[in-house]
Amino acid sequence: MQAIVFANRYGNELAPLNQQYCPALLPVANKPLVAYTLEDLADAGVTQVKMVICADAKKVQSRIGNGEQWGLTIEYFLSKPEEQVNSVLARMHIDKTAQALVVRGDILRSPCLNRFVEFSRLVPSKFVHAKMDDRNPGMMMLPAGWKHNQLLNWPLQVTSVNHDNSIAQVLHGHCFYVDSLMAYVEASDFVIANDDFSVKGRKMKTQINDKNLVVEAQCELPLLENISVFGAIGEYTKVSNKAQLTESVVVGKYCFIEDSKIRNSIILPNTYVGPQLSVENKIISQNLIIDPQTNSWSKVEDETLIAKSSKSAVNYNGVFQRAILLMLYILLSPLLITLFVGAFIMKPKKPIVTETVMNNQNESVKAHKFNFKNESVALLPQVWLAVKGDLALFGASSKHQNLHQNLHQNSHNSTATYGVYGPVQLNFDDNTPKEEVQMVEMEFEQSSKPRYLVNMLQNQFKATKPSIVIKN
């Protein structure tokens, strides 16, 4: 059976964690939130999954993969952030007579999909309106659910269904929307205390009766006999022998906890906690200390207290890349001179077109191009802006930066990487509908950009290649 999983939330309600994670990848007991839904789907006999993702598509694909670890085959489908379910399903061209399970993957619920699927199959002609914990658990079965797919739009609403062909199902368990910092803490506490969920690692007894500390591989920990703690510790994490962990504690992977006191707190991955620091009822993520009870946070500049414990991302627009682009520009010089002469002959009054664009430092710069219809040739002079570091060679259209910023205005990816070449630069003009520009820019942002452009040019060539008819 096929399932369609919606994981396209913004996550504004989780600020400031949305600066580092989209809701689907937010670690809950050291597993991405969406992983709990995928496990539940596998248990329900689902084998094919279409996952609807948005701004963090590349991160989701990298973290979740093809679904092999759950026995699933996952196909990714790009949407606008929090796009209406009805709109997404329409673009998917789903067979309206086929059976499929539609479910939100960016919330947490007790495992229940197997029960829901079995019950729905008993009454295939009726819409099964599920409830859990007096909440809408974000699931429906097609084709009976086609008239009710608004129930899966985010934010989820508990709406009564007045329809002759509907039937209610009350599912036992708890449902967490993870729509606030406190709700995130409650979901994490529920997972580590509930045997219904699979938490990665080996269970180890501590001084707290009937509760375990789940420890992943390659960890360095103090003697557990002296620790009054339960929760989870991620892989490749080191906790000092003098650190004091008490009550409920979750520590992510690649963390380093020095001689500090941690009580009832969550330490997210890649975080360093320095010595003599006392933390209680907090969330710490890299350089952020978050108080979920007051919904407040502070950014710590002193790296001896807390800091990011992993290396910074590589700067792909660095000196080495610009040096290669300079060599390319020099090699192109004879061609640029020839093209200028051709543009001057064809358009003697205006061989060069000058326009103002935004660079990747959010500054206005002048960009020049030849006055040709063929944009791939016309844009060659702007390779110089890539040499200077103002633009990338491949990226979003800097002429449409307002549209791109509006698309991501509520996402932690608030700025785009603007480039000389991209699908919008090569195909679209100022009259193109903004919705089409937004979708293409989003798809391009998540792609392997050089390969994307090559494939696009190949498709254009195939579309324009004349057919040859041989007649007797």
Side-chain angles (χ1 to χ4, degrees), residues 4-39 41 49-67 70 74-85 88 103-109 138 152-156 176-185 187-188 191 234 250 252-254 266 268-271 283 285-286 288 290 292 297 308 310 313 396 404-417 438-439 441-447:
I4 302 164
V5 177
F6 277 79
N8 61 344
R9 280 172 53 188
Y10 267 131
N12 294 344
E13 60 273 15
L14 293 168
L17 290 179
N18 64 331
Q19 298 173 15
Q20 299 167 354
Y21 302 97
C22 66
L25 294 183
L26 187 64
V28 178
N30 293 331
K31 283 201 309 191
L33 180 58
V34 71
Y36 293 97
T37 295
L38 296 176
E39 289 175 352
L41 286 170
V49 172
K50 291 182 181 293
M51 187 178 295
V52 181
I53 51 181
C54 58
D56 281 307
K58 187 173 290 187
K59 291 181 181 179
V60 175
Q61 289 177 298
S62 175
R63 183 69 178 85
I64 301 302
N66 61 7
W70 298 283
I74 297 179
E75 177 185 354
Y76 293 94
F77 191 87
L78 197 64
S79 82
K80 299 176 184 177
E82 299 182 9
E83 183 176 353
Q84 299 288 291
V85 170
V88 175
V103 60
R104 289 219 70 95
D106 42 24
I107 67 175
L108 178 76
R109 63 183 77 78
L152 266 68
N153 290 333
W154 185 261
L156 291 174
F176 300 87
Y177 287 171
V178 195
D179 54 359
S180 69
L181 295 172
M182 200 62 218
Y184 168 55
V185 173
S188 179
V191 169
V250 175
K253 63 181 181 179
Y254 299 110
I266 299 174
L268 288 173
N270 303 108
T271 299
I283 301 171
S285 184
Q286 299 177 18
L288 296 172
I290 305 166
W297 62 87
K308 186 177 180 180
S310 62
H404 208 281
Q405 287 171 354
N406 289 338
L407 180 65
H408 293 290
Q409 63 183 350
N410 294 316
S411 170
H412 64 268
N413 295 325
S414 58
T415 58
T417 298
Q438 288 177 342
M439 289 302 298
E441 289 283 41
M442 183 187 296
E443 182 180 357
F444 185 52
E445 183 180 338
Q446 312 304 330
S447 68

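What you see below is based on every heavy atom in this structure, not just the backbone, and it leaves out hydrogens, waters and symmetry mates. Residues: numbered from 1 along the sequence shown.
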Test I107 against W154 for side chain to side chain contact (heavy atoms under 4.5 Å, CB included), laying out the working first.
CA-CA 10 Å; I107 67 175; W154 185 261; 3.8 Å; yes

Can you name the closest pair of heavy atoms from [X] and [Y] and give their distance?
{"X": "C54", "Y": "L78", "value": "O-CD1, 3.7 Å"}
{"X": "N153", "Y": "Q84", "value": "ND2-OE1, 2.8 Å"}
{"X": "G67", "Y": "I74", "value": "CA-CD1, 3.6 Å"}
{"X": "G11", "Y": "E82", "value": "N-OE2, 4.3 Å"}
{"X": "P269", "Y": "P27", "value": "CD-CG, 4.0 Å"}
{"X": "V88", "Y": "S79", "value": "CG2-CB, 4.0 Å"}

Would you say that [X] contacts [Y] through its side chain, given a criterion of any heavy-atom pair below 4.5 Å between the two side chains?
{"X": "V178", "Y": "V28", "answer": "no"}
{"X": "I290", "Y": "P16", "answer": "yes"}
{"X": "F176", "Y": "R109", "answer": "no"}
{"X": "Q20", "Y": "Q286", "answer": "yes"}
{"X": "V85", "Y": "F6", "answer": "yes"}
{"X": "P32", "Y": "L26", "answer": "no"}
{"X": "I4", "Y": "M51", "answer": "no"}
{"X": "Y21", "Y": "L33", "answer": "no"}

Should the pair K50 and Y76 be classed as cation-pi, given the thresholds of under 6.0 Å to the six-membered ring centre and 45° from the axis?
no

Atom pair [atom1]/[atom2] of [X] and [Y] - distance to nearest 0.5 Å:
{"X": "M182", "Y": "I283", "atom1": "CE", "atom2": "CD1", "value": "8.5 Å"}
{"X": "Y254", "Y": "K308", "atom1": "OH", "atom2": "NZ", "value": "13.5 Å"}
{"X": "Q61", "Y": "I53", "atom1": "CD", "atom2": "CD1", "value": "4.5 Å"}
{"X": "W70", "Y": "I64", "atom1": "CH2", "atom2": "CD1", "value": "4.0 Å"}
{"X": "E13", "Y": "N18", "atom1": "CD", "atom2": "CG", "value": "8.0 Å"}
{"X": "L156", "Y": "Y177", "atom1": "CG", "atom2": "OH", "value": "4.5 Å"}

[X] (side chain) donor-acceptor with [Y] (main chain) under 3.5 angstrom:
{"X": "R9", "Y": "D106", "result": "yes"}
{"X": "S285", "Y": "L288", "result": "no"}
{"X": "R63", "Y": "L25", "result": "no"}

Worked check of side chain to side chain contact (heavy atoms under 4.5 Å, CB included) between L17 and L268:
CA-CA 10 Å; L17 290 179; L268 288 173; 3.5 Å; yes

Please step through side chain to side chain contact (heavy atoms under 4.5 Å, CB included) for the pair S180 and L14, ending with a clear verdict.
CA-CA 5 Å; S180 69; L14 293 168; 5.7 Å; no

